[in-house]
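What follows is a set of notes on a single structure, which appears directly below.
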Amino acid sequence: MCGIIGILYKNKHVATDLVKGLKLLEYRGYDSAGIATISNGNLLVEKDRGRIDELNIKLGFDQMSGYVGIAHTRWATHGAPDKINAHPHTDCDNRIAVVHNGIIDNYNEIKAELIRKGHVFKSLTDTEVIPHLIEDYIKNGYGFREAVLETVSRLEGAYALGIISLYEPEVIVGVKQLSPLVVGVSESGMYIASDINSLSPFTKDVIVLDDGEIVFLSLDGYEILKIANRQKVDKQPMTIEIDTQFADKEGYVHYMLKEIFEQPVVLNYSIRVQEHYLNLMAELLDRSKEIFIIGAGTSYHAALLGSMILSRIARLTAIPVIASEFVAQYGDVVSVDSSVLAISQSGETIDVLKAIEFAKSRAATILGITNTLASTLTRVCRVYIHQHSLPEIGVAATKTFTGQLAVLYRLAMVAGKMRGKLSQREMDEMKIEINKIPSIVKNVLDKVDPVVRELAKKYSKTKYFIFLGRGLNYPIALEGRLKMLEITYIPSLAYPAGESKHGPISLVEEGVPVVFVAPPDETRKFIIGNMEEMKARKATIITIGEADDTELMELSDDYIAMPKMNPLFSPIPYVVPLQLFAYYTAILLGRDPDKPRNLAKSVTVL
Ligand code: F6R
């Protein structure tokens, strides 16, 4: 939540590049945006409510002068998403500007103290205490750097900060505590940013900061210190290759649509992740007394399906848990004998990181599956697997979900073989089947896209949707529901189909659309019963099922015909029509599927 970037150039104005980088961070929040630069001894600040492109036209962000600057795109936590609360925030004398991602837990107490001392606050944010506190230390005789160090030593909570000031006009300070921050280095300048991707237009040479570190960027280079003891930390940049194509919509109207259609290509990468890491992870899972598999949102749906396939293919019990509930639900049993497998495409979701921090404190083994190299998750895991789905910009997860599933299938297969639960022949057969999935997904996209467009027209005015599935496709019903509600804002619920008669059926009346995810697996005969129950109450039945399943077709008002495939792997292709259904419905309702209201792609607040 919230993206920050700072740039310092030797002989070039920074504003155009700040806007470029900020655009790549917009997935982290888009309530408001702002830029501060230092030019001819003045601190210039422009900010307002709105999206970066429209603010750039309105405020002329990229026309701002100055060789040093910081910028912010916001997902509001403290204070409404308006101009006053937009970042950067400044001190009383307008000499210090700060951008912040995270939450300062003890800001109330600091604010009260500063108000007593006469500081005047303009915003309702937690962030504004930072420039005022720095100012206060400076007024008490501290140098700028000392004042920053004293200030951050007092902050509690999560924060990545970018700070500039007229006290040292050719310096940018970056601070990292729980929220992500990287440093970029190039011939022409120095950078800080919330992620590596946003630096990809400028440099490949990056340093990932650790919690409790502060960096001072200047024209001479960078200096990193540990805040706690002020000791220097020696870190050299590493070169990270980033495919910059992700930033381009490549002719698609929205990133979400581009990313849905990219799935056949990137699934091939995810299926082929390195066997070595799968083996290491499988070994650690095999040794564990308890396995927990955690995630948030879509990644939790992957965790839920992951637990089912680990059970089915590898005969391993892995308890799926929503990350924010992990400590409350299972904290007491986590021990050195436990493994926690965290699924997080960003690798920065704070609920996941907090759960891991707890598990680590109990000496559990931490494992991860992520799409983001050098993310915090990768740095706290004993073993992690990079799913190689390429960066995802659309806020709704699509290709990263199917990529997570592909990795989990591969992991279950490797663990099954290692534990003697799969013979070599079974393993080989499964490999053949999973290798077919990308082309099956391609086929689904070609055939199903026009059908789903029409369905969206028919159902976009519905009051609500119900999604039902069983077994491996219950998580897919959950995911179809999440996609629908998060980008169309149509209230939707999802249930295991068998559970639907224990309550949700009371919502069913004539014409309510009930979507069944019904591949021809062992749950099909029970699903038919559930369809009959819904039909008897005059629901409108939309089914995703195999193309020649005439029985299902006859029970359905609308039918999405899927190609033949091994039902074990059906969750990956079967989620695709649901992604498209949500997308086209959102378009018909005039929503922006790439930036749904109130959401952000990387949720870094608890
Ligand atoms: C839904 C969505 C979110 C994320 C969730 C976890 O479309 O994108 O629900 O899945 O915020 O994010 P990661 O996977 O980055 O931990």
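Source: prediction; values computed, not measured. Every number for a ligand or one of its atoms is a count from 1 in the order of the listing.
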the protein heavy atom lying closest to atom 11 (O) of ligand 1 turns out to be Val603 CG2, 4.0 Å
Determine, considering heavy atoms only, which of Ala582, Ser299, Pro596, Ala296 sits nearest to atom 5 (C) of ligand 1. Ala296
Lys458, NZ: over 12 other non-hydrogen atoms inside 6.0 angstrom: yes
Taking all heavy atoms of Tyr574 and all of Gly545, pick out the closest pair and write down the distance. OH-C, 3.7 Å
Looking only at distances, can you tell me whether any N or O atom of Leu482, backbone or side chain, sits closer than 3.5 Å to an N or O atom of ligand 1? no
Does NZ or CZ of Arg597 lie under 6.0 Å from the centre of the six-membered ring of Tyr489, at an angle within 45° of the ring axis? yes
Checking the N or O distance criterion of under 3.5 Å, is ligand 1 in contact with Gly347? no
Ligand 1 contacted by Thr400 (non-hydrogen, < 4.0 Å): no
Which ligand 1 atoms are under 4.0 Å away from a heavy-atom of Glu486? 1 (C), 7 (O)
Whether Glu348 lies under 4.0 Å from ligand 1, heavy atom: no
Check each atom of ligand 1 against the heavy atoms of Lys483 and keep those under 4.0 Å away; list them by number with element. 1 (C), 7 (O)
Ring centers of Phe465, Phe581 separated by less than 6.0 Å: yes
Other residues, nucleotides and ligands only: do more than 12 of their heavy atoms fall within 6.0 Å of CZ on Phe358? yes
Give me the nearest non-hydrogen protein atom to atom 3 (C) of ligand 1 as residue plus atom name, then the distance to 0.1 Å. Thr298 N, 4.1 Å
Please give me the minimum heavy-atom distance between Pro180 and Ala160, naming the atom from each residue. O-CB, 3.4 Å
Pull out every atom of ligand 1 sitting under 4.0 Å from any heavy atom of Val395, numbered as shown with elements. 8 (O)
Asp210/Lys235 ion pair, N-O < 4.0 Å: yes
Protein heavy-atom partner closest to atom 13 (P) of ligand 1 - residue, atom, separation in Å: Thr349 OG1, 3.2 Å
Going by the order shown, which atoms of ligand 1 are within less than 4.0 Å of some heavy atom of Ser344? 13 (P), 14 (O), 15 (O), 16 (O)
May I ask you to check whether Gln404 has an N/O atom sitting below 3.5 Å from an N/O atom of ligand 1? no
Within the supplied structure, the quantity of interest is the number of heavy atoms (other residues, nucleotides, ligands) at a distance under 6.0 Å from Tyr495 OH; does it exceed 12? no
